[in-house]
Number of protein chains: 2
Amino acid sequence: MTKAHPTDTSHDHNLCIKEALENAQKVCTARGSRLTALRERVLELVWQSHRPIGAYEVMANLKQGNSKPAQPPTVYRALSFLVEQGLVHKLSSSNAYIGCHIPDKAHDSCFLVCSNCQTTIELDIPDIKQSLAAHAEQCHFSINYSNIELSGLCAECR
Amino acid sequence: MTKAHPTDTSHDHNLCIKEALENAQKVCTARGSRLTALRERVLELVWQSHRPIGAYEVMANLKQGNSKPAQPPTVYRALSFLVEQGLVHKLSSSNAYIGCHIPDKAHDSCFLVCSNCQTTIELDIPDIKQSLAAHAEQCHFSINYSNIELSGLCAECR
DNA sequence: ATATGAAGTGTTACACAATAACATTGATTA
DNA sequence: TAATCAATGTTATTGTGTAACACTTCATAT
């Protein structure tokens with residue numbers, strides 16, 4: 001099931017961020033990968049945004065905040081790391097990044113992106129992946145990675 | 001069902017292209033939209049490519065061929081028109097365009113993209129769309145447009 | 001036929017997205 | 001502590017897409 005969404009005023013999003021960062025640390029140490037200060041800061045910025053955030057937006061926020069400013073390659077490297085680790089997903093239809101709620105286990109997700117407010121919900125839909133794999137198999141095609149982005153209107157906006 | 005793929009040597013792809021162009025004309029006149037010379041030429045270039053083709057690649061091919069050279073806005077406008085009309089789909093994960101086999105009726109598709117040879121198969125999967133809509137509805141989300149891109153290995157490459 | 005407005009295309013310049021290549025710093029480990 | 005590799009800094013460039021305005025072509029009504 002999906003956790004409360006950032007725009008959901010009924011929850012403390014700061015706590016949400018804090019949990020995500022702590023969880024990320026746990027995940028990384030368990031894997032022997034390093035969540036450096038920069039990477040953690042970028043992850044924090046991604047989580048702070050209430051909608052998918054672009055790389056240049058992350059960069060701008062780094063400059064504004066108390067962090068050391070960074071150039072595009074630095075930001076992209078941090079984001080790539082986070083995506084590799086499954087801590088963050090990239091939405092290719094908007095070139096934007098969003099924090100992952102279930103970074104522990106590898107998974108492909110399905111995203112519901114509101115075309116009005118950009119609020120984005122991540123769904124875990126194993127049954128659909130099964131079904132897609134079956135369809136693909138009929139064409140003798142084997143799926144490695146699935147990118148599913150659905151746009152429409154969220155509960156608030158419709 | 002899916003038509004023969006461009007890389008399938010058992011079929012005459014030129015015929016394929018010719019049919020697609022004729023069909024496009026039919027569709028457009030039926031709708032009262034105009035498939036101009038430029039738009040038709042761009043559509044032809046998209047179909048000629050044996051894999052999804054980028055906007056700048058289309059532009060380069062226009063310059064090379066006997067067509068009048070064109071600037072980016074011109075090419076993007078033509079491509080946008082073709083996408084609007086459903087004659088062409090855009091793959092957002094690769095910023096590339098591919099001809100649609102079933103332009104007559106509005107539909108969202110699912111694409112199987114080979115990560116080795118970029119061969120791309122378009123699947124029509126109404127059952128999965130149903131299922132996705134049902135999942136979305138549980139979050140009070142209504143889907144307008146679905147973008148499903150699956151990468152993996154095609155029959156040839158695996 | 002021809003004026004008129006809308007749709008389409010041309011052109012220039014620019015904004016946004018991403019990476020190549022190389023220098024430097026920081027963290028392990030022999 | 002020297003050597004090594006991972007991470008970050010830096011500069012420059014490539015790739016993707018659009019804003020804004022000029023010009024042309026097409027459809028239609030008069």
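In what follows, every heavy atom counts, from backbone to side chain, and hydrogens, waters and symmetry copies are set aside. Here is the naming used below: chain letters follow the sequence lines, and residue numbers restart at 1 for every chain.
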Distance, rounded to the nearest Å, where B:L79 contributes CG and C:dT9 contributes P: 12 Å
B:K63 NZ - C:dT11 P separation (whole Å): 11 Å
Euclidean distance, atom CZ of residue A:R77 to atom C1' of C:dA17 [Å, nearest integer]: 16 Å
Phosphate OP1/OP2 of C:dC16 contacted by A:N95 side-chain N/O (<4.0 Å): no
Contact under 4.0 Å: B:R39 side-chain N or O vs C:dG8 OP1/OP2: yes
Gap between atom CD of B:E40 and atom OG1 of B:T36 - 0.5 Å precision: 8.5 Å
Nearest-Å distance for atom pair CD/C1', residues B:Q71 and C:dG8: 16 Å
side-chain contact (heavy atoms from CB on, under 4.5 Å) involving A:E44 - partner list, sequence neighbours excluded: A:I17, A:L21, A:R41, A:Q48
First encountered from the 5' end of DNA chain D, between A:S33 and B:P72: A:S33
Using atom types as modelled, flag every donor-acceptor pair under 3.5 Å from a side chain in residues 125-137 of chain B to any protein atom, sequence neighbours excluded.
residue: B:H135; atom: ND1; partner: B:S131; partner atom: O; Å: 3.0
residue: B:E137; atom: OE2; partner: A:R158; partner atom: NH2; Å: 2.7

Nearest-0.5 Å distance, CD1 of residue B:I121 to CZ of residue B:F111: 11.5 Å
B:S94 or B:R34, whichever maps to the more 5' nucleotide of DNA chain D: B:S94
Integer-rounded Å distance: C:dT19 C1' and A:M59 CE: 14 Å
Listed partners of B:P72 passing side-chain contact (heavy atoms from CB on, under 4.5 Å), at least two apart: B:Y56, B:M59, B:Y76
Non-neighbouring partners of A:P73 that pass side-chain contact (heavy atoms from CB on, under 4.5 Å), sequence neighbours left out: A:Q71, A:R77
Touch class at under 4.0 angstrom, heavy-atom based, for A:T74 against every strand present: base
Partners passing side-chain hydrogen bond (donor to acceptor under 3.5 Å, both in side chains) against A:N61 (at least two apart in sequence or in another chain): none
A:Y56 (side chain) and C:dA15 (base): donor-acceptor pair under 3.5 Å: no
Covered region of DNA chain D, 5' end to 3' end, by chain B [heavy atoms, under 4.0 Å]: D:dT16 to D:dC26
Whole-Å gap separating P (C:dT11) and CG (B:L62): 13 Å
Nucleotide C:dG8, atom C1' - distance to CZ of B:F81 in whole Å: 11 Å
Distance below 4.0 Å between B:K68 side-chain N/O and C:dG10 OP1 or OP2: yes
Any A:Y76 side-chain nitrogen or oxygen under 4.0 Å from OP1 or OP2 of C:dA18: yes
